[in-house]
Amino acid sequence: MTGDYLRQKVAWVDEQDNVLGEVLRGEAHDKELLHRVVAVYLTRGNGDILIQERKSGRLDHSCAGHVDPGEPYDAAAAREFSEELGISGKPLKEIAYYTSDELHPRHNHHVRHKYKLYACEGDAFKIDSSEIKGAHWAEPLAVYKDMQHDATHEKYTGGFHDSLGRYLKYKKLI
């Protein structure tokens, strides 16, 4: 992550998602402060999901990102979908709303997010190469099984680990 990324502001929230103030993203991560995030699964008719490879090499949701202060979750999801995958104007279906507590493997502390998870079907996308190294389609149950061998979150991001099971439950696959 770049320094600029960590200096962007996010809304610090409580467990009920009430705003407590604004903090720098890096501070929210370092001090384990709960803050808002969205993630979207792009799916296609055969059930595959799009997985992105971050610049770090770790695999992640189709797209995801932090919610800006004062920004509604739905708007943040649409913004991230457009920025990272070049897709706009498609309806996003909210499929989960939860609090995550992810252990950051490289820094040995927790990162706490208030998540809204969305899904959208489609197969055309154009990745933003400034943020994303690559993307590929995968069968979600195979990915979920592979994640069981990634306890240290070196291959898959913590957020992806946390949300994929929720996505599979929503699809009634587990």
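Every value quoted in this text rests on a predicted model; they were computed, and no experiment measured them. Residue indices begin at 1 and follow the sequence shown.
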- Inter-residue atom distance Glu84.CD - Ser130.OG, 0.5 Å rounding: 9.0 Å

- Please report the shortest heavy-atom distance between Pro140 and Gly47, naming the atom on each side. CD-O, 3.3 Å

- Note on the structure: Separation between NE2 (His113) and CG (Leu33), nearest 0.5 Å, reads 10.5 Å

- Glu71 and His66 have their tightest heavy-atom pair at OE1-O, 4.5 Å

- Taking all heavy atoms of Pro69 and all of Glu22, pick out the closest pair and write down the distance. CB-OE2, 3.3 Å

- Contacts of Lys155 meeting side-chain contact (heavy atoms from CB on, under 4.5 Å) (sequence neighbours excluded), chain-then-number -> Leu59, Asp146, Asp150

- Message: With clusters defined by side-chain heavy atoms of hydrophobic residues (ILVMFWY) lying less than 4.5 Å apart, directly or transitively, does Phe160 cluster with Tyr115?
- Response: yes

- Item | Validation row: Lys31, Trp12 side chains within 4.5 angstrom (heavy atoms) | no

- Query: Other than Val19, what residues sit in its cluster of Ile, Leu, Val, Met, Phe, Trp and Tyr side chains whose heavy atoms are under 4.5 Å apart, directly or through others?
  - Reply: Val13, Leu34

- Query: Tracing side-chain links under 4.5 Å among I, L, V, M, F, W and Y, which residues wind up in one group with Ile127?
  - Reply: Val38, Val40, Leu42, Leu50, Val67, Tyr73, Phe81, Leu85, Ile87, Leu92, Tyr97, Tyr118, Phe125, Ile132, Trp137

- Note on the structure: Output for pair (Arg58 CZ, Gln52 CD), nearest 0.5 Å, gives 11.5 Å

- Are Leu117 and Leu141 linked, directly or through other ILVMFWY residues, by side chains that come within less than 4.5 angstrom of each other? yes

- Report yes if the side chains of Gln8 and Leu24 come closer than 4.5 Å at any heavy-atom pair, otherwise no. no

- Going by heavy atoms in the side chains, are Asp68 and Arg36 under 4.5 Å from each other? no

- Query: Which distance, rounded to the nearest 0.5 Å, do you find between the OH of Tyr144 and the CG of Leu173?
  - Reply: 11.0 Å

- Any chance you could measure Glu32, atom CD, to Arg112, atom CZ, to the nearest 0.5 Å? 8.0 Å

- Message: Measuring only between side-chain heavy atoms, which start at C-beta, is Ile51 closer than 4.5 Å to Ser62?
- Response: no

- Task: Tell me, with the steps shown, if Tyr167 and Ile174 meet side chain to side chain contact (heavy atoms under 4.5 Å, CB included).
- Result: CA-CA 9 Å; Tyr167 171 78; Ile174 60 171; over 6 Å; no

- Would you mind reporting whether His35 and Lys9 have side-chain heavy atoms less than 4.5 Å apart? no

- Mind checking the NE2-CG spacing from His61 to Leu164? Nearest 0.5 Å is all I need. 8.5 Å

- Which atom names give the shortest non-hydrogen contact between Asp60 and Arg54, and what distance separates them? OD2-CD, 3.6 Å

- Trace of the side chain to side chain donor-acceptor pair (under 3.5 Å) decision for Tyr41 with Ser163: CA-CA 10 Å; Tyr41 281 99; Ser163 75; 2.6 Å; yes

- Query: Is the number of heavy atoms from other residues, nucleotides or ligands under 6.0 Å of Lys169 NZ greater than 12?
  - Reply: no

- What pair of heavy atoms forms the shortest contact from Cys120 to Pro91, and how long is it? SG-O, 3.5 Å

- With the side chain counted from C-beta on, respond yes when Val10 and Val23 share a heavy-atom pair under 4.5 Å apart, and no when they do not. yes

- Message: Do Tyr98 and Arg166 have side chains that approach each other closer than 4.5 Å (heavy atoms only, starting at C-beta)?
- Response: yes

